[in-house]
> 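Structure provided below as structure tokens; questions to follow.
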Amino acid sequence: MNPLAWIADAYETHCLTLAKGLTGHELLLRLGTNPADTFTPRDDDEANEFLWVAGENYWSWGAARAGEANGWAFVLEPASCWGGIPERLGHASRGTEVIFSSEVGGMGNVGYWQDGTRITGFDTMTPQDRAEQGQAADPDRLVEQMQRAGLFDNPDAPCRRYGGLALLYEVTGLSVSQEQTALALSGKLPAYGRGLEGRPQGSDGRLASSLPDAGGGAAGGAVGNPSSPQRAGRAKSSPGAGALSES
């Protein structure tokens, strides 16, 4: 049983990013959230309002919820996939390891990074093409876990959309419930082009980042530049009473 499968059921578009040994707050910052744009919702109304406002500002920022479980930090985006941007993953993984799974428009992606280096990554519909998804240090690193997660089963099987999340569980053992994320620490993740990926790199490929280190430096990398993402469908939420800025 995959304890992360509820994410695919609850959110048609989503991204789950995990980092070993960090706090949720640190991972948010490494992925590009401004410290001033973090808060803990007071109630369900405020949490839902945040998701609603994020939908109205999709091409500027996405809503993210963060925390820790089983020795890993998590950042869950219920209606966007800005945490899966390559340069951000390189930044987040410096001094640790990071794995993410995202789905938008029926297209799923998984990537695994260590200390700024992309180890492996793939489209969940074609997991056998790991070596063709751009530079990777060790494309076959997670094959055993991928097999256990069912990623090599019939690609037309209805359960395929759970494959990336199943792999995250196989690799990390992280289990987090919908209730744990509902009122978790929240923050704005900048949309593509508004974060680290818009900054210059030095000759060694490292980003010239001025964001807070959150316990580590910044590193760049490439898992293949994402195509212009589709606007996410609304998360299952409704406007509430929270007063949130749209900036």
Side-chain angles (χ1 to χ4, degrees), residues 1-58 60-84 88 92 98-104 162 164-166 168-169 172-191 195 211-212 214-215 231-247:
M1 179 179 178
N2 176 15
L4 302 177
W6 66 268
I7 296 172
D9 290 331
Y11 310 117
E12 182 178 359
T13 291
H14 60 264
C15 183
L16 180 63
T17 306
L18 311 179
K20 190 173 184 178
L22 300 181
T23 66
H25 182 258
E26 288 172 335
L27 182 53
L28 273 177
L29 297 189
R30 289 190 181 204
L31 291 174
T33 296
N34 188 313
D37 288 330
T38 63
F39 76 107
T40 301
R42 295 166 294 185
D43 51 32
D44 288 337
D45 283 344
E46 189 170 33
N48 286 339
E49 177 76 4
F50 185 54
L51 293 185
W52 183 78
V53 174
E56 294 298 304
N57 291 272
Y58 182 75
S60 294
W61 57 273
R65 296 166 170 173
E68 309 86 35
N70 305 95
W72 291 74
F74 68 83
V75 166
L76 171 64
E77 296 170 75
S80 59
C81 55
W82 307 127
R88 301 183 189 187
V98 169
I99 187 169
F100 88 99
S101 173
S102 68
E103 181 156 347
V104 58
Y162 301 104
L165 293 168
L168 265 58
Y169 176 66
T172 70
L174 180 137
S175 175
V176 62
S177 69
Q178 192 165 11
E179 291 72 25
Q180 285 175 278
T181 67
L183 299 179
L185 174 70
S186 300
K188 298 178 181 180
L189 278 185
L211 284 178
R231 181 182 176 88
R234 271 301 159 76
K236 294 184 178 179
S237 60
S238 57
L244 292 162
S245 169
E246 296 188 7
S247 61

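Please read these numbers as outputs of a predicted model, since none were measured by experiment. We count residues from 1, following the sequence as given.
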> How many angstroms lie between SG in C81 and NE2 in H14, if you round to the nearest 0.5 Å?
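That separation rounds to 10.0 Å.
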> Would you name the heavy atoms of G24 and A73 that are closest together and state the gap between them?
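So the minimum-distance heavy-atom pair works out to N-CB, 3.8 Å.
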> Applying side-chain contact (heavy atoms from CB on, under 4.5 Å), can you list everything that pairs with P41, at least two apart in sequence or on another chain?
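Counting only residues at least two positions away or on another chain, P41 forms a side-chain contact (heavy atoms from CB on, under 4.5 Å) with F39, E46, A47, L183, S186.
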> Sequence neighbours left out, what passes side-chain contact (heavy atoms from CB on, under 4.5 Å) with T40? Give chain and number order.
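Expected list: L185.
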> Do you know the tightest heavy-atom contact between V98 and A19?
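Result for this residue pair: CG2-CB, 3.8 Å.
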> Is there a side-chain contact between W82 and C15 (heavy atoms, below 4.5 Å)?
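When only atoms from C-beta onward are counted, C15 and W82 do not touch, as no gap falls below 4.5 Å.
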> Measure from the side-chain N and O atoms of D44 to the backbone N and O of A182, and report whether any donor-acceptor pair falls under 3.5 Å.
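No: the side chain of D44 does not pair with the backbone of A182.
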> Report the C-alpha distance between T181 and I7 in whole Å, list the side-chain angles of each, state the deciding distance to 0.1 Å, and finish with yes or no for side chain to side chain contact (heavy atoms under 4.5 Å, CB included).
CA-CA 10 Å; T181 67; I7 296 172; over 6 Å; no
> Please report the closest heavy-atom contact between L31 and A92, naming both atoms and the distance.
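The pair with the smallest heavy-atom distance is CD2-CB, 4.0 Å.
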> Can you see which heavy atom on A184 is nearest to which on R65, and at what distance?
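Closest pair (atom of A184, atom of R65, distance): CB-CB, 4.3 Å.
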> Would you find a donor on one side and an acceptor on the other, under 3.5 Å apart, between the side chain of E77 and the backbone of A64?
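The answer is no, because no donor-acceptor pair under 3.5 Å joins these two groups.
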> Would you compute the distance between atom CG of N57 and atom NZ of K188 and round it to the nearest 0.5 angstrom?
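Atom-to-atom, N57:CG and K188:NZ are 7.0 Å apart.
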> Does any non-hydrogen side-chain atom of S175 lie less than 4.5 Å from one of Q180?
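Counting from C-beta outward, Q180 and S175 never come under 4.5 Å.
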> Let me confirm one number: the NZ-CD1 distance from K20 to I99, rounded to the nearest 0.5 Å.
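K20 atom NZ to I99 atom CD1 measures 12.0 Å (nearest 0.5 Å).
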> Are any of the side-chain heavy atoms of P78 and L51 separated by less than 4.5 Å?
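A side-chain contact exists here, since the closest heavy-atom pair is under 4.5 Å.
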> Between E68 and H25, what is the shortest heavy-atom contact and its length?
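Smallest interatomic distance, heavy atoms only, reads OE2-N, 4.4 Å.
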> Applying side-chain hydrogen bond (donor to acceptor under 3.5 Å, both in side chains), can you list everything that pairs with Q178, at least two apart in sequence or on another chain?
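Residues passing side-chain hydrogen bond (donor to acceptor under 3.5 Å, both in side chains) with Q178: none at all.
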> Under 4.5 Å between any side-chain heavy atoms of L16 and F74, yes or no?
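Of all side-chain heavy-atom pairs linking F74 with L16, at least one is under 4.5 Å.
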> Strictly under 6.0 Å, is that where the ring centroids of W72 and Y169 end up?
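When the ring centroids of W72 and Y169 are compared, they turn out to be at least 6.0 Å apart.
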> How are the rings of W6 and Y11 set to each other: parallel, tilted or perpendicular (split at 30° and 60°)?
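Taking Y11 first and then W6, their aromatic rings stand perpendicular (interplane angle over 60°).
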> Which heavy atom of G187 sits nearest to which heavy atom of T33, and what is that distance?
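Distance-wise, the nearest heavy atoms are CA-CG2, 4.2 Å.
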> List in chain and number order the residues that pass side-chain contact (heavy atoms from CB on, under 4.5 Å) with S101, two or more places apart in sequence or in another chain; answer none if no residue qualifies.
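If we apply the side-chain contact (heavy atoms from CB on, under 4.5 Å) test to S101, skipping adjacent residues, the hits are V110, L165, L168.
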> Is W61 close to D37 at the side-chain level, that is, under 4.5 Å between some pair of heavy atoms?
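Counting from C-beta outward, D37 and W61 never come under 4.5 Å.
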> For residues D9 and Y162, determine if any side-chain heavy atom of one lies less than 4.5 Å from a side-chain heavy atom of the other.
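When only atoms from C-beta onward are counted, Y162 and D9 do touch, with a gap below 4.5 Å.
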> Less than 4.5 Å apart, any side-chain heavy atom of N70 and any of T172?
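No, too far: nothing below the 4.5 Å cut-off.
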> Rounded at 0.5 Å granularity, tell me how far CG in L28 sits from CG in L22.
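It is 11.0 Å, given to the nearest 0.5 Å.
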